[in-house]
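Fair warning: this is a prediction, and the values are worked out from it, not measured in the lab.
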Amino acid sequence: MNSIISAFSKGIEKSGIDRKKISMPSDVPFNPDVVKALGVDYFQIPRGRAIAFGTGLKLGNPSLKVVPVAGDLMTLGGNHFVHGARRNMELLIICVNSFVYKKIAGKPIPSTQSAFSPYSTFEEPFNFPHLGNSCGAIYTARWTALHTEELADSVAEALHKHGLSVIEVLAPGPNYYTDIDSIELELLKFYHENSTIKNNEDPKNVAIVPDEKIIVGKFTDKERPTFIDSYNVQHSKILGDKFTPHGGKNG
Amino acid sequence: MAEIRFAGYGGQGIIRSGIIVGRAASIYDDKFSTMSQSFGPEARGGACSSQLVVSESKVLYPYLTAAGILVAMSQAGYDKFEPELSEKGLLLYDEDLVKPKASRGNITPFAIPATRFAEQLGKKIVANVVILGFFTAITKVVTYESMKKAIPDSVPEKAIDLNLKAFERGYNFGLEVLKKQKEPQ
Amino acid sequence: MKAKETKTKEIQSVPSKKGEIHPMENLLRMDRMPHIWCPSCGIGLAVTAFASALEKANIDPDKISIVSGIGCTGRVAGYVKLDSFHTTHGRPIAFGTGIRVANPKIKVVVFSGDGDLIAIGGNHFIHAARRNIDMLVVCVNNFIYAMTGGQVAPTTPLAAYATTSPYGCVEPPFNIPYIADSSGAVYVARWTTLHIRRLINSLAEALQKKGFSVVEVISPCGMYYSRINKLGDGLDMMKFYHDNVEIRHGEDTKNLDIGFQTKIICGKFVDRERPSYMERYNQWLSGVKGGSRDEG
Amino acid sequence: MKADPKGVLTGSHTLTGNHACAEGAFAAGCRFLGLYPIVPSLEISERFLERAPEVGATFIQMEDEVSVLAAVLGASWTGKKSMTVTSGPGLSLMMEHLGLGVMLETPCVIVDIQRAGPALGMPGRPAQGDMMQARWGSHGDYEIIALSPSSPQEMFDYTIKAFNLSERYRIPVALMSDAYVAHLKEEIVIPHAEEIEIEPRRYYKGAKDKYLPFKRDKDFVPRMVNIGDGYKFHVTGLTHDDRGYPVMNEECQEYNVHPLVWKVRNYVDEIIEVQEAETEDAEVIIISYGATSRAALKAMEQARKSGIKVGSLRLVTVWPFPEKRVAELAKKVKAFVVPEMNFGQVVLEVERCSYGNANVIFVPHGENGVENTDDLLSAIKQAGQADKVESVIIEFNKGV
Amino acid sequence: MKFWRKPLDLDKIKISCGEIHIFKDRCKGCAFCVEYCPKDVLEMSEEFNIKGYHPPYVKNPDDCLECHLCEMLCPEFAIFVTLKENEKPANVTAEKGRK
Amino acid sequence: MKASPTDVLTGIYYIDGDVAAGYGALAAGCKLVAGYPITPSTEAFEAMCRMGPQVGTVFIQMEDEFGSISAVLGAVWSGVKSMTITSGPGYSLMMESIGFGAMLETPFVLLNIQRGGPSTGVPTKTGQADMMQSRWGSHGDYELIAISPDSPQEMFDYTIKAFNLAEKYRCPVMIMSDECVGHMTEKVVIPEADKIEIEPRRFYKGPPEKYLPFSPDPDLVPKIAKAGDGLGLYITGRVHDERGYPVKNEEFKAKYVRRLVDKIRLNKDKIIELKEESTDDADVVVVSYGISSRVAVKGVEIARQKGIKVGALRLVTVWPFPDEKIIDLAKKVKAFVVPEINYGQIVFDVARCCHGQANVVLIPHGGAGVHNPLDISDAIESAAKEDKKIEGVVEFKTRLEKIVFERGLKFKE
């Protein structure tokens with residue numbers, strides 16, 4: 001988790017965006033000191049609601065950069081994710097994907113502490129970038145927690161995108177309101193060793209399959225009008241002068 | 001105090017009828033009026049009715065205790081609400097859509113081919129306004145002038161003329177009916 | 001109303017004169033007719049298609065359970081004479097999952113609308129597809145929330161009007177087959193209510209499929225969607241389907257977006273095999289204890 | 001009916017409250033668990049999953065708590081006794097389907113391991129802040145049964161009781177435990193299967209085409225059938241008549257919903273279980289439930305030693321609330337002392353049912369740990385000294 | 001039925017002939033059956049049914065070929081088709097093609 | 001502070017309660033409305049969608065009720081006033097986030113147009129059975145404010161009041177209306193903007209490094225901030241200290257969660273609004289709220305004609321409950337009669353505060369309609385005649401109950 005945060009911080013640095021304008025609604029508990037170091041506004045939200053909360057933040061004040069961090073996003077918050085992507089709300093979603101895989105590249109992997117994963121052991125996980133892409137996300141990428149440089153670049157790039165961007169980060173993470181105890185280095189290393197970078201791969205093909213290497217990289221990068229843009233355009237068209245545009249691309 | 005029920009099926013503008021009369025009464029006639037609606041889940045074709053209480057003082061009980069006037073635009077509406085019409089009540093109905101039973105008590109029935117008139121005017125949808133004209137002439141719960149002011153508030157701008165025409169048609173027909181009724185006596 | 005000029009007033013119909021009943025009646029709850037759907041609504045057609053498909057697929061009606069949510073289409077469960085559940089808004093898939101997992105002998109059919117399944121139930125939809133729960137989802141898409149009076153739905157095309165988008169919809173709609181495909185559904189098809197024979201065939205095929213099957217049925221809403229958008233009534237919508245539908249089997253699901261009054265691509269898009277939830281479950285179970293359950 | 005031996009792990013075991021709950025469920029015949037993991041209820045699911053294959057039970061981990069309860073209701077209609085386990089935030093998400101369960105009169109058990117709230121609160125820390133929520137949390141009118149165990153043995157026993165009540169009255173039953181009891185490890189004794197009484201499901205047995213899903217017996221409880229048995233029934237969350245068909249008018253609302261309340265309110269005497277200790281001569285009675293009743297008993301002993309006549313009334317069934325018993329006792333005693341791990345919930349009921357005959361002293365308990373009886377003892381002393389009945393709840397506050 | 005080319009065994013082909021049953025009070029007047037009947041057998045009437053809609057009536061009962069499309073396209077389950085016992089030889093109807 | 005003239009749609013209208021509430025929210029300066037359509041509250045959301053863009057209020061129809069309320073919470077923390085609109089089933093879904101809002105001391109307004117329940121119940125008809133839910137529906141301990149208007153004009157007025165209370169006490173405020181009021185169309189007068197008093201948000205204005213998001217003022221309410229001001233907010237739904245940092249200590253919990261309930265309990269007198277009528281010399285007092293209170297007046301009139309001394313107490317704010325008022329009245333009157341469109345909710349609180357000094361009669365009603373005024377007058381009459389003290393709530397047997405259960409229900413709608 002710490003490596004993600006430092007990569008994220010580096011990403012903000014690279015993007016040149018004012019930290020004060022960044023809000024992070026998250027269902028992952030962050031240490032207050034970490035937040036202080038990041039210099040952002042942080043909200044710990046009930047599980048799964050980070051994106052919906054972020055939607056409110058962004059709509060209330062379009063000049064904010066909202067970065068929802070989602071721990072077990074794809075369970076409780078799946079709906080907010082697909083709809084956020086459809087609307088193209090301008091959010092950068094960091095999805096910390098920490099579910100327990102049984103096998104990767106044919107090898108059993110060290111298990112995390114929790115006996116539960118967000119999915120039962122015999123279930124197949126989502127192909128997350130593909131799902132995001134199919135709902136309309138304009139930027140999808142996947143990295144592991146050890147691809148810090150790439151992750152930072154991705155964050156910097158995505159922070160400048162107008163629309164819903166999603167970066168999936170594979171990392172052992174906390175679930176269920178428990179605290180972060182330690183990061184299992186072993187697992188991290190394992191992820192790193194068993195992944196291969198394939199930028200611009202069709203998201204259709206990047207499912208995490210038990211016997212194959214994890215494909216990481218940037219998969220989608222396109223343009224679409226954001227919710228606020230189309231809101232303004234459509235209402236100006238119909239209402240004309242009666243309508244005052246709301247926010248706009250950069251607030 | 002007048003307690004009025006408009007009954008028909010969804011899509012006939014039953015609720016809008018209630019709103020128009022209520023608006024005429026409370027905004028232009030300066031009385032108190034409360035309109036409440038009841039409808040089934042279906043948008044069209046379901047039983048639909050609106051209840052309107054017009055009073056000189058604040059309306060406390062928002063529903064009808066005994067309907068004094070029933071405006072029936074469907075057989076189902078008539079069958080359902082005729083029994084609650086008070087003995088001295090007035091019954092207004094569309095003669096093509098409602099086949100009334102033998103009248104009871106001192107209920108006075110008044111018939112109008114509202115839907116047919118509306119179809120003649122070009123739009124079946126204004127049948128309710130035709131019947132509102134008829135209603136105004138017969139019941140005098142609201143004044144003709146107030147109704148003429150209330151209708152344009154409640155319909156899209158393009159349709160104002162047609163609606164006013166429909167209203168006149170119903171109103172005049174109502175006056176005729178009243179005249180005819182008086183003649184034999 | 002399409003009253004044509006004719007002198008004939010007497011209706012030359014032969015209603016049940018030989019004691020015959022409508023062929024659907026043994027599958028429908030006739031004591032609840034007439035149903036609540038508006039004139040020229042397409043949901044009745046979807047029900048007809050489903051009932052016909054049930055006969056065609058030759059499935060024991062006792063072993064089918066139909067679950068609906070809230071909304072116009074949500075009422076389907078109440079009219080079909082099967083073990084039927086009218087549940088809460090958005091949750092029929094979750095409810096059906098419980099039925100299916102607890103008793104794998106029951107085939108679950110979820111019959112509901114776009115707002116129910118894709119808006120509030122979106123999460124259950126994608127997760128059930130991912131798990132590949134063995135059920136057939138019939139999603140009747142009329143582009144709007146009709147039961148509550150015409151609010152914008154996640155399927156309402158861009159710039160279309162609805163009561164909660166009084167100046168035109170600002171959100172792009174979902175491409176339901178695409179999202180079903182990307183979440184892992186094994187059978188995905190889309191038809192309009194006009195393509196009734198193909199719809200029946202497709203539903204019959206999907207009923208026999210093992211795994212999460214989705215059939216999207218584009219249906220006219222003659223009361224709200226077409227009225228607010230000035231598209232005429234249900235019949236005009238049907239005519240529109242007639243003129244603007246293109247059938248392309250096996251089309252890549254990403255090309256299936258529907259715009260406002262644009263071409264609609266219909267067909268069967270996905271038909272694949274994936275181990276279903278119960279298969280994986282049993283596999284896991286056999287690994288644990290040796291014994292395995294029967295897959296219904 | 002006796003329990004199915006397959007699920008009964010007869011013998012003496014040392015188990016946590018959570019594990020005992022899972023064993024109780026198996027013994028009661030529960031064969032379906034819908035779950036979504038949440039601290040501090042995890043161990044119940046873990047135990048259930050571990051033992052499910054040998055017992056022949058099924059489970060599913062759903063995507064959220066909303067769908068969990070939906071799945072449990074669906075499973076219950078297939079004939080399997082079903083339950084779910086959760087904690088505060090999860091229970092909040094289940095509120096919608098709690099209402100559906102009531103409306104469809106579907107037997108199921110919801111185990112809530114309470115933790116400190118509101119919102120995320122303090123995961124893993126015990127509290128009793130969901131008591132009112134269990135009773136009033138869903139929209140619309142209904143009655144519900146809630147039990148509150150105070151030890152692992154009771155977790156086992158009352159899980160079985162919860163299932164029995166659930167089948168008997170066709171109603172969701174909440175087992176309101178807390179993180180303290182859930183994680184407490186004690187010895188429990190699981191009897192032989194034939195010693196465990198199980199309430200069978202009340203099935204309809206008549207002609208298939210005559211089945212009416214909501215035709216009530218004399219005790220207002222309708223009979224059930226299973227999906228797939230060919231009854232072709234329809235049920236709906238809308239207000240419905242005996243056939244299960246929606247009828248949406250005032251009369252049917254009365255016809256449908258009033259019995260939902262009656263079927264519990266008219267049978268409170270059968271449902272309610274309280275445990276009394278030394279109430280005969282008591283001047284002060286501690287009313288408690290769940291984990292706090294352990295402290296209550298301890299405080300009672302200590303107070304008795306120092307010469308105060310204290311008794312204890314322990315609510316096993318918190319809902320329906322034992323109005324009559326509290327009213328009777330109120331006439332005999334000076335005061336009730338109510339320790340709760342919240343800021344005043346069940347104490348309001350005690351106040352209501354004492355009809356101005358006794359003081360009600362509320363002790364927001366648990367700030368110093370559940371087993372600490374200091375506050376409670378001081379409150380009892382204070383209660384013993386009062387000479388007139390106050391018209392409000394007296395809140396015990398250390399500072400004062 | 002109109003044939004592109006007269007089949008050789010035309011006199012042997014028998015065309016099924018349907019009888020249409022309408023529950024007029026179920027009808028909500030959507031006109032799907034009228035619009036999509038391949039043989040224009042049906043037409044909307046002027047009469048109001050109990051709900052105030054114009055139901056269809058069978059204008060050309062002899063043209064029905066028992067294709068069941070009206071039955072399938074009726075959202076109200078208000079119309080269905082049965083097979084008439086006397087099947088007509090094809091050549092009788094061959095002349096009466098769709099206009 | 002006065003309302004902004006651009007937000008206020010001054011004029012005389014003939015609109016229903018839903019729409020009036022929507023206009024009220026706009027007048028109160030609500031700048032974001034997030035909703036999900038549910039009968040019978042849709043008209044309010046539709047009205048705001050229609051008028052919102054013209055007064056600079058953004059609307060968004062979220063994917064579900066979880067989304068709506070989360071977006072509202074987010075919007076509040078971004079610095080704007082915000083509300084959501086729902087009805088029974090949607091309200092149940094929002095329970096988790098209502099507790100979250102209370103924990104974060106987020107000022108927002110929720111309009112609940114109650115309908116017949118439980119579950120899907122009777123969507124198009126009225127009910128008052130979510131009253132206890134509004135107080136107790138979320139897990140854990142919290143307090144909030146609930147208001148119950150009884151006419152479209154009040155829907156307008158009290159929506160503004162709701163926003164003002166929310167800002168003043170930094171807590172969720174529920175407008176617990178019902179279908180009958182929501183769909184009741186009456187004349188509504190919207191005054192000029194300078195006649196509308198608006199409570200400004202209590203923003204923190206000191207130096208950023210000194211800001212403590214949960215450090216209370218003397219009235220126990222802390223100052224609020226907004227995201228993006230460089231305050232480095234750390235806001236969590238866990239039990240937190242003044243800084244907002246999570247704590248794991250029971251004592252802290254006692255201190256901070258306690259303040260959540262105390263800030264309402266101790267400010268009760270300022271929050272509660274009641275309407276009393278001839279309670280001074282009354283033998284029987286009718287306690288009611290929302291639409292029932294309007295219908296009750298009719299019953300009271302009938303009872304008065306029979307010479308019974310009957311007063312009426314209307315709870316405009318239902319939560320916090322006016323304990324003291326009932327305790328005082330209980331000493332003076334013979335009985336309370338409580339008509340509610342449910343099978344007993346608020347009546348239990350009335351009974352609680354009576355302390356056995358007055359009898360309590362509940363007139364139940366399952367919903368899908370309002371009380372028959374004759375039931376109310378009969379209940380008043382029999383309560384006035386009763387000389388015995390009765391423990392517990394007496395349930396009055398209504399005409400409807402007799403009809404339904406004595407004649408039996410026919411299987412036809």
Approximate separation, where rounding is to 0.5 Å, of D/Tyr355 OH and F/His355 NE2: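 Those atoms lie 12.0 Å apart.
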
Nearest 0.5 Å please: distance from the CE atom of D/Met122 over to the NZ atom of F/Lys248.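 Going from CE on D/Met122 over to NZ on F/Lys248, the span is 10.0 Å.
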
Compute whether any side-chain donor of one residue and acceptor of the other, for F/Tyr343 and D/Glu254, lie under 3.5 angstrom apart.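 A donor-acceptor contact under 3.5 Å links the two side chains.
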
Are a donor atom and an acceptor atom from the side chains of D/Glu250 and F/His365 found within less than 3.5 Å of each other?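 There is such a pair between these side chains.
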
Can you tell which of D/Glu143, D/Glu349, D/Gln345 has the highest number of heavy-atom pairs within less than 4.5 Å of chain F?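 It is D/Gln345.
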
Name the region of [X], side chain, backbone, both or neither, that has any atom closer than 4.5 Å to a heavy atom of chain D.
X	value
F/Val370	backbone
F/Ala351	both
F/Arg265	side chain
F/Val122	both
F/Val350	neither
F/Asp323	neither
F/Phe66	side chain
F/Ile98	neither

If I measure from the heavy atoms of chain F, does [X] come under 4.5 Å with its side chain, its backbone, both, or neither?
X	result
D/Asp112	neither
D/Val102	side chain
D/Ser138	both
D/Leu104	neither

Counting heavy-atom pairs closer than 4.5 Å to chain D, which one of F/Gln128, F/Met103, F/Glu401 comes out on top?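 The candidate making the most pairs under 4.5 Å is F/Glu401.
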
Within the structure provided, determine whether F/Gln133 and D/Met132 are in side-chain contact (heavy-atom separation under 4.5 Å).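 No - every pair of side-chain heavy atoms lies 4.5 Å or more apart.
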
